[in-house]
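Here it is, the structure, as C-alpha cells.
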Amino acid sequence: MTSKTIAEIVRREIENFVRERGIEIDVPVPEKPKNLQYGELCSDVPFKLSRHLQKPPEKIACELAERLQWLNPEPIGGFVNFKIPVKVSAKFLSRFQTLDILCGKRVLCEFLSANPTGPLHVGHGRIAAVGNAIANIFKFCGAEVDREFYINDAGEQIEKLGMSICGEGDQYKGEYINEIREILKNKAGSYKFAEKDFSNIGFMASQIILEHIIKRTIDRFGIYFDSFVSEREMQKYLRESLEIVKPYTYEQGGALFLKTTDFGDDKDRVLIKSNGDPTYFLNDCAYHLFKLKRGYDILVEVWGADHHGYVKRIETFLRLAKFSGEFKVRLVQMVNLIKDGKPIQMSKREGTYITLDELIDEVGVDAAKFIYLTKSVDTHLDFDVDLAKKKTTENPVYYVQYTHARVCSLFKEAESRNLLEGYEEWKKQDPWSGFEEDERKILGLCSIFPDEVIKAYNLIEPSVITSYLIDLASEYHSFYQRKRILVEDARVRFSRLFVSEVVRKTVRSGLELLGVSAPEKM
RNA sequence: GUGCCUGUAGUUCAGAGGAAGAACGCUGGACUCCGGAUCCAGAGGUCGUGGGUUCAAAUCCCACCAGGCACACCA
C-alpha cells in the first residue's frame, strides 16, 4: 500500500549497503544536486563511511556505484551521482497527486487570522499565500487538512475601532472607516450612535469589515478557509482552560498570572487583568483548547514574525493541556514595500499602507502569490512595487506558466495536424527506449517531484516548490529550443510529446500546490 | 539591554555539512520552423568580520559588526 518515492528507495538501498558493512549511521535521503549537470539525485555517504571503513571515499563511491547499477550511477570523488534512467523514472511519473507519509493524520492549519479592523495589506498577502501553500503541501503528503481563520473580534482594539467609527478617536484611519460609518448610520434602529456604545459599534464594524472587505479579498486571492472561528465564541472554553492551568497560576496585584517561566518563557504572563477581563492570551488558550477538542494530530500555525514571542506561551498551554500531537509554528517574516527605491513606511493606524487588493490590481493574483512564494519564509521580503508594476512580463511566474501553456498549445497543434494518431497505443507498448539524454534528464527531474514536496513539507517551506518549478521550466524551454517535437518519425515524435506531457502534468501539480493557476493559453 | 530573523554577483535572492548558483540589469548572438512571454554565450564572488568543530563550513558552535522585528494587565 505504501508507495515509496524514488529517493526513499535509493536511500534504503544505500542503507543496506551501509548496514552490510556493520556500520550504524544515519543515511540521509539522496538529494537533487545544486547543479543539475551532476544528475537528478546525489549521495555523499562515501565521505561519511570513509573514516569507519578506513578507505578513501573514492573507492567506497565505486563500490556503492557497483551496487546501484540500475540507477546509472557515476562516482565522482566521494559522491555518487545518479542520472535516472527512463525505465526507472517512468515508474514514478504518475504520482503527481498524493503521497501517503501523512496518511490518516488530521491537520489543522491556522493562518492569516488578520484583525478585523481594516483591509488586508501586503504583509497579510504573504501570510495568506504561504499558509495556503503549506496547507496544500500537507494535503499532498496525505493528511486531511482543515484551514482555519481566527477572528480577533474581542478586546480593546474593537472598542478603538468603534471610537474611530464614531469619530472619537484616530486609531484607525482610511476611506473604509467613513464608508462603514455611513453603512451603520443607515441601519436605523440597530443601535444608537448617540449612546456611544463603542464596543458594540466596533463589533458591528468588525463584522462588516470581515464579511465585505477581508473575505472578499480572500476570495479574490483564490484562497479558501474551512472555518472562521470567532474569539468571542471562545468564551465557553474559558473556564475549562483556567482549570487546566490553575495549578501553575498565582495572583498578584489583583491579576492572575501563569508561571510560563517554568516552561522557558522569560517572564510570567497575565491571564486575567486586575479589572477582571481575560487577556488575549487567555482567550487564545481557550481557542487552542477548542482546537484540541476537535482531535487534530498536527497543529500548524502560520503567524507573522511579530508574534514570535508568543510561541512559548501557547506551547506552555498545550503542554499543560497534555496535547500529545505535533505543534508546528511557522513565522513569516515582514514584507517591505519598496517604491522609488525607498521603503514605504506602513502604518495601519495612519492608513498609509498598500492593501492586498491594490497589489492584486497592479500585478495580478498569480504573480503576487508566486513572488510571495519565491523567497524563503525566513527572509524579509522586499517587494518592489515599481518593478512589479512595470515589468510584469519579466516575472518568473510567466516563465513557469508559459511552460504549461506551451505544451497545451503543442498538443493542440499536433492534434490538428493529425500527429497524435497512435500516441496512446505507443505509450502502452514500448515507450521506455529511444529517449535521448536531454529527454531522459527531464523525465528524471519530473520523477523526483514528490521528493521535492516531501522536502518542502519537512522544512515547511513552499519556496522549495517554486525553485523546483523554475528549474524544470528552464530545462524544458531549453529542450524545446534544441529539439523539434512534431517531427516526421512517429517514434521520435511520440517520445518528445511524452516528455512534454509529463512536464505539463508536473508543472500543473506544482502550481496547484502554490495556489497559482496553470493556464492553457496566455 | 534581552530574544527571534537576516547578511552570498551591480540589484533581488536560491543553496537541509560535501562540486559557488538563478533571475533581473549589462555585452554579444539564434532557426523564413511546434507560441521569440523562448534559447545560447560572455563579463561580474575576500559567501558581513574573526575564531572554533570537521577529512570537508556559505551551511553547525562562539564572539563581534550591520539591518529588521518583538519584548504590555494591546491584540
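Order of the sequence lines sets the chain letters (A, B, ...), proteins ahead of strands, with each chain counted from 1. What you see below is based on every heavy atom in this structure, not just the backbone, and it leaves out hydrogens, waters and symmetry mates.
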Inset, instruction - Give A:Thr466 one of three labels, base, sugar-phosphate or nothing, depending on what nucleic acid heavy atoms sit under 4.0 Å from its own. - result: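 Counting heavy atoms under 4.0 Å across all strands, no contact is made by A:Thr466.
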
Inset, instruction - Remember a base hit wins even if backbone is also touched, and classify A:Asn458 as base, sugar-phosphate or nothing at under 4.0 Å, heavy atoms. - result: base

Inset, instruction - Look at A:Asn35 and B:rG21 and indicate whether a side-chain polar atom (N or O) is within less than 4.0 Å of OP1 or OP2. - result: yes

Legend entry - Short N-O contact, A:Glu436 and A:Arg496, less than 4.0 angstrom: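 Looking at A:Arg496 together with A:Glu436, the answer is yes, because their closest N to O distance falls below 4.0 Å.
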
Inset, instruction - For each nucleotide in nucleotides 1-9 of chain B, reading 5' to 3', give B when a protein heavy atom comes within less than 4.0 Å of its base, S when such contact involves only the sugar-phosphate, and - otherwise. - result: --BSBS---

Legend entry - B:rU8 and B:rU59, which share atom name C1', separated by this distance in whole Å: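 The same atom, C1', in both gives a distance of 11 Å.
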
Inset, instruction - Classify the nucleic acid contact of A:Arg417 as base, sugar-phosphate or nothing, counting any heavy atom under 4.0 Å across all strands shown. - result: sugar-phosphate

Inset, instruction - Remember a base hit wins even if backbone is also touched, and classify A:Ala414 as base, sugar-phosphate or nothing at under 4.0 Å, heavy atoms. - result: nothing

Inset, instruction - Assign A:Phe79 to base, sugar-phosphate, or nothing according to its heavy-atom contacts below 4.0 angstrom with the strands shown. - result: base

Inset, instruction - Measure centre to centre between the rings of A:Tyr372 and A:Phe383, then say whether the value is under 6.0 Å. - result: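 For A:Tyr372 and A:Phe383, the ring centres are under 6.0 Å apart.
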
Legend entry - Touch class at under 4.0 angstrom, heavy-atom based, for A:Glu231 against every strand present: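 It contacts sugar-phosphate atoms only.
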
Legend entry - Under-4.0 Å side-chain N/O to phosphate OP1/OP2 contact, A:Arg482 with B:rA30: no

Inset, instruction - Mind listing the residues from residues 249-262 of chain A sitting with a heavy atom below 4.0 Å of RNA chain B? Number order is fine. - result: A:Gln252, A:Gly253, A:Ala255

Inset, instruction - Specify the separation, in whole Å, of atom NE2 of A:His307 and atom C1' of B:rC74. - result: 11 Å

Inset, instruction - Kindly say whether, by distance alone, the side chain of A:Asn283 makes a donor-acceptor pair under 3.5 Å with the base of B:rA75? - result: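 Not at all, since no donor on one side and acceptor on the other fall under 3.5 Å apart.
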
Inset, instruction - State yes or no: are the ring centers of A:Tyr280 and A:Tyr310 separated by less than 6.0 Å? - result: yes

Inset, instruction - Name the closest nucleotide to the A:Cys42 side chain, picking from B:rA16, B:rA19, B:rU12. - result: B:rA19

Legend entry - Side-chain donor/acceptor of A:Glu251 to backbone N/O of A:Phe257, under 3.5 Å: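 No, A:Glu251 side chain to A:Phe257 backbone: no donor-acceptor pair under 3.5 Å.
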
Legend entry - Between B:rA75 and B:rA58 - P atom distance, rounded Å: 47 Å

Heteroatom pairs (N/O) under 3.5 angstrom, protein to nucleotides 54-59 of chain B:
unit_1 : atom_1 : unit_2  : atom_2 : d
B:rA58 : N6     : A:Lys34 : NZ     : 2.7

Inset, instruction - Measure from the side-chain heavy atoms of A:Ser463 and tell me the nearest of B:rG36, B:rG15, B:rA75. - result: B:rG15

Inset, instruction - Establish, from distance only, whether the side-chain atoms of A:Glu231 and A:Asn283 form a donor-acceptor pair under 3.5 Å. - result: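 Side chains of A:Glu231 and A:Asn283: pair found under 3.5 Å.
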
Inset, instruction - Determine the contact category for A:Lys483: base if any of its heavy atoms lies under 4.0 Å from a base atom, sugar-phosphate if only primed atoms, P, OP1 or OP2 are that close, otherwise nothing. - result: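 Base: the residue A:Lys483, judged by heavy atoms under 4.0 Å, touches a nucleobase.
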
Legend entry - Closest to the A:Met334 side chain, choosing from B:rC34, B:rC69, B:rA19: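 The listed nucleotide nearest to A:Met334's side chain is B:rC69.
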
Legend entry - Side chain of A:Tyr399 (C-beta onward), nearest among B:rA37, B:rC39, B:rC34: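 Taking heavy atoms from C-beta onward, the closest nucleotide is B:rC39.
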
Inset, instruction - Could you tell me whether A:Glu461 and A:Lys455 have a side-chain N and a carboxylate O separated by less than 4.0 Å? - result: no

Legend entry - Side-chain N or O of A:Lys273 closer than 4.0 Å to phosphate OP1/OP2 of B:rA75: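 Affirmative; the distance criterion is met.
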
Legend entry - Under-4.0 Å salt bridge between A:Glu40 and A:Lys441: no

Legend entry - Sidechain-backbone polar pair: A:His121 side chain, A:Ile354 backbone, donor-acceptor under 3.5 Å: no

Legend entry - Phosphate OP1/OP2 of B:rC39: any A:Ser478 side-chain N/O under 4.0 Å: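 For B:rC39, OP1/OP2 do not have a side-chain N/O of A:Ser478 under 4.0 Å.
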
Inset, instruction - May I ask you to say what A:Lys267 touches in the nucleic acid, namely base, sugar-phosphate or nothing, with a heavy-atom cut-off under 4.0 Å? - result: sugar-phosphate

Inset, instruction - State the pairing partner of B:rC47; accept Watson-Crick or G-U wobble contacts with both distances under 3.5 Å, and report none otherwise. - result: none

Inset, instruction - For the pair A:Glu415 and A:Lys412, find out whether any cationic side-chain nitrogen is under 4.0 Å from an anionic carboxylate oxygen. - result: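 Salt bridge between A:Glu415 and A:Lys412, a charged N being under 4.0 Å from a carboxylate O: no.
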
Inset, instruction - Supply the atom-to-atom distance A:Arg11 CZ to A:Asp451 CG, rounded to the nearest 0.5 angstrom. - result: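 So the CZ of A:Arg11 and the CG of A:Asp451 are separated by 11.5 Å.
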
